[in-house]
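These notes concern the structure reproduced below.
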Amino acid sequence: SSPNVILLAAGMGQRLSGGDTSFPPKCLLRFDGMSLLQRHLEILSSQELISSVTVVVGYQSDDIKNEVAQLKPNLDINFIQNDRFDRGSNLSLWHALDVLKRGQPVLFMDADVFYAPALLDTLVSETDKSIVPYDTGFEPGDEPVKICLRDGKAVDFGKIVGQSYDTVGEWPGFLRLSPTAARFVANSLDQQIKTGAIDTPCENSFRSMILAARADEIEFHDVVGIPWIEIDFPEDIKRA
């Protein structure tokens with residue numbers, strides 16, 4: 001069945017704006033005259049299997065909605081407002097809990113990634129499995145979220161990883177959740193939010209799902225060579 005897309009676009013981009021509240025949301029930054037948001041929507045609408053996109057907005061959400069209204073994408077777009085957008089991405093994803101619980105696959109995307117369409121092709125397929133992309137051609141450090149594999153199975157996922165592994169790559173901020181995995185993430189999120197973990201990144205919820213998944217439920221795809229960059233720091237804009 002066709003995946004529902006959850007696009008997280010609520011954050012303020014503190015590391016980029018330095019707290020300047022007139023700074024645009026990251027998904028409205030323009031490269032070659034086109035916003036990241038427009039790129040996302042054009043790439044998504046070119047995928048035949050995708051029709052529904054839920055955008056979690058918060059910071060300057062009216063500007064994002066106006067951009068979508070002008071673009072008139074050939075997609076069914078729903079907005080969910082997270083008013084506490086200064087908190088962690090866990091809280092933003094929690095706002096889309098209903099989408100995760102629908103019993104359909106979910107394509108999760110961070111809105112601040114600039115990427116070649118081929119990256120999305122790896123996630124939109126007829127499979128029933130979850131798919132986690134990773135890029136082995138990355139610069140090591142504490143900033144990238146890393147996926148570590150041993151004998152093809154995930155042993156760790158996060159910025160700081162401690163397990164021994166034979167393969168490591170950077171996670172580009174996208175993944176495909178099978179209906180079962182989406183429900184697992186929803187329950188994990190609900191648990192975390194109820195216990196007050198609203199300042200944590202949503203990688204935490206993905207981590208438990210990735211480590212708990214059986215080998216026949218999940219695939220890991222090395223996307224090395226496909227250009228992509230997450231826009232977090234001023235130098236990322238130059239590189240993009």
Report task. Run the numbers on Ile50 and Ser2 for side-chain contact (heavy atoms from CB on, under 4.5 Å), then give the verdict. Result -> CA-CA 6 Å; Ile50 289 175; Ser2 59; over 6 Å; no
Decide whether [X] and [Y] are clustered together by the hydrophobic rule: side chain heavy atoms of Ile, Leu, Val, Met, Phe, Trp, Tyr closer than 4.5 Å, transitively.
X      : Y      : value
Val106 : Phe174 : no
Leu75  : Leu7   : yes
Val223 : Leu107 : yes
Leu44  : Phe79  : yes
Ile131 : Phe108 : no

Query raised in the report: Under the ring pair (Phe, Tyr, Trp, His ring centres under 6.0 Å) rule, what pairs show up with a residue in residues 120-149, not counting sequence neighbours?
Result: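 Residue pairs with at least one partner in residues 120-149: there are none.
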Report task. Hey, could you give me each pair passing ring pair (Phe, Tyr, Trp, His ring centres under 6.0 Å) that has a residue in residues 212-240? Not counting sequence neighbours. Result ->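 Sorted result for residues 212-240: empty, none.
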Requested in this report: Quick one: list whatever passes side chain to side chain donor-acceptor pair (under 3.5 Å) with Arg183, sequence neighbours left out.
Outcome: none
Quick check for you: to the nearest 0.5 Å, what is the distance between [X] atom [atom1] and [Y] atom [atom2]?
X      : Y      : atom1 : atom2 : result
Leu28  : Gln38  : CG    : CD    : 11.0 Å
Ile210 : Ser205 : CD1   : OG    : 10.5 Å
Leu49  : Ser125 : CG    : OG    : 8.5 Å
Asp128 : Asp216 : CG    : CG    : 11.0 Å
Arg84  : Ser92  : CZ    : OG    : 10.0 Å
Thr136 : Leu149 : OG1   : CG    : 10.5 Å

Throw together a table of side-chain donor-acceptor distances under 3.5 angstrom for residues 155-170, partners on residues two or more places apart or in other chains.
{"from": "Asp156", "atom 1": "OD1", "to": "Arg207", "atom 2": "NE", "distance (Å)": "3.3"}
{"from": "Asp156", "atom 1": "OD1", "to": "Arg207", "atom 2": "NH2", "distance (Å)": "2.7"}
{"from": "Asp156", "atom 1": "OD2", "to": "Gly162", "atom 2": "N", "distance (Å)": "2.9"}
{"from": "Lys159", "atom 1": "NZ", "to": "Glu143", "atom 2": "OE2", "distance (Å)": "3.2"}
{"from": "Ser164", "atom 1": "OG", "to": "Arg150", "atom 2": "NH1", "distance (Å)": "3.0"}
{"from": "Asp166", "atom 1": "OD2", "to": "Asp151", "atom 2": "N", "distance (Å)": "2.9"}

**Report entry** Selection residues 27-51 - residue pairs positive for salt bridge (charged side-chain N to carboxylate O under 4.0 Å, His left out), sequence neighbours left out
**Finding:**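 Only Arg30-Glu67 qualify under salt bridge (charged side-chain N to carboxylate O under 4.0 Å, His left out).
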Query raised in the report: Which salt bridge (charged side-chain N to carboxylate O under 4.0 Å, His left out) pairs, counting each pair once, include a residue from residues 219-228, with sequence neighbours left out?
Result: Lys129-Glu219
Query raised in the report: Does anything in residues 54-64 pair up under side chain to side chain donor-acceptor pair (under 3.5 Å), and if so which pairs, sequence neighbours excluded?
Result: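 Listed once each, the pairs are Ser61-Gln81.
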Taking every non-hydrogen atom, the tightest pair across [X] and [Y]:
X      : Y      : answer
Ile77  : Val55  : CG2-CG2, 4.0 Å
Ser130 : Ser178 : OG-N, 3.0 Å
Asp135 : Val224 : OD1-CA, 3.4 Å
Pro24  : Leu29  : CG-CD2, 4.0 Å
Ile64  : Cys27  : CD1-SG, 3.7 Å

**Report entry** Asn74 CG: over 12 foreign heavy atoms closer than 6.0 Å
**Finding:**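 No, because the 6.0 Å sphere around CG of Asn74 holds 12 heavy atoms or fewer from other groups.
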Query raised in the report: Just wondering, more than 12 heavy atoms not from Glu139 lying within 6.0 Å of its CD?
Result: no
Using distance only, find each side-chain donor-acceptor pair of residues 94-103 under 3.5 Å and give its atom names and separation, not counting sequence neighbours.
{"from": "Trp94", "atom 1": "NE1", "to": "Asp190", "atom 2": "OD1", "distance (Å)": "2.8"}
{"from": "His95", "atom 1": "ND1", "to": "Leu91", "atom 2": "O", "distance (Å)": "2.7"}

With sequence neighbours excluded, tell me which residues meet side-chain contact (heavy atoms from CB on, under 4.5 Å) with [X].
X      : result
Pro234 : Leu16
Arg239 : Ile229
Ser208 : Phe184, Ser188

What side-chain donor-acceptor pairs closer than 3.5 Å can you find for residues 109-121, not counting sequence neighbours?
{"from": "Asp112", "atom 1": "OD2", "to": "Lys26", "atom 2": "NZ", "distance (Å)": "2.8"}
{"from": "Tyr115", "atom 1": "OH", "to": "His40", "atom 2": "ND1", "distance (Å)": "3.0"}
{"from": "Asp121", "atom 1": "OD1", "to": "Gln47", "atom 2": "NE2", "distance (Å)": "2.8"}

Query raised in the report: Do you know which of Val57, Leu93, Val56 makes side-chain contact (heavy atoms from CB on, under 4.5 Å) with Asn82?
Result: Val56
Query - From CA spacing to verdict: side-chain contact (heavy atoms from CB on, under 4.5 Å), Val53, Asn78 - result: CA-CA 6 Å; Val53 180; Asn78 307 291; over 6 Å; no
Requested in this report: Report the C-alpha distance between Arg176 and Thr127 in whole Å, list the side-chain angles of each, state the deciding distance to 0.1 Å, and finish with yes or no for side-chain contact (heavy atoms from CB on, under 4.5 Å).
Outcome: CA-CA 10 Å; Arg176 177 198 175 93; Thr127 181; 3.9 Å; yes
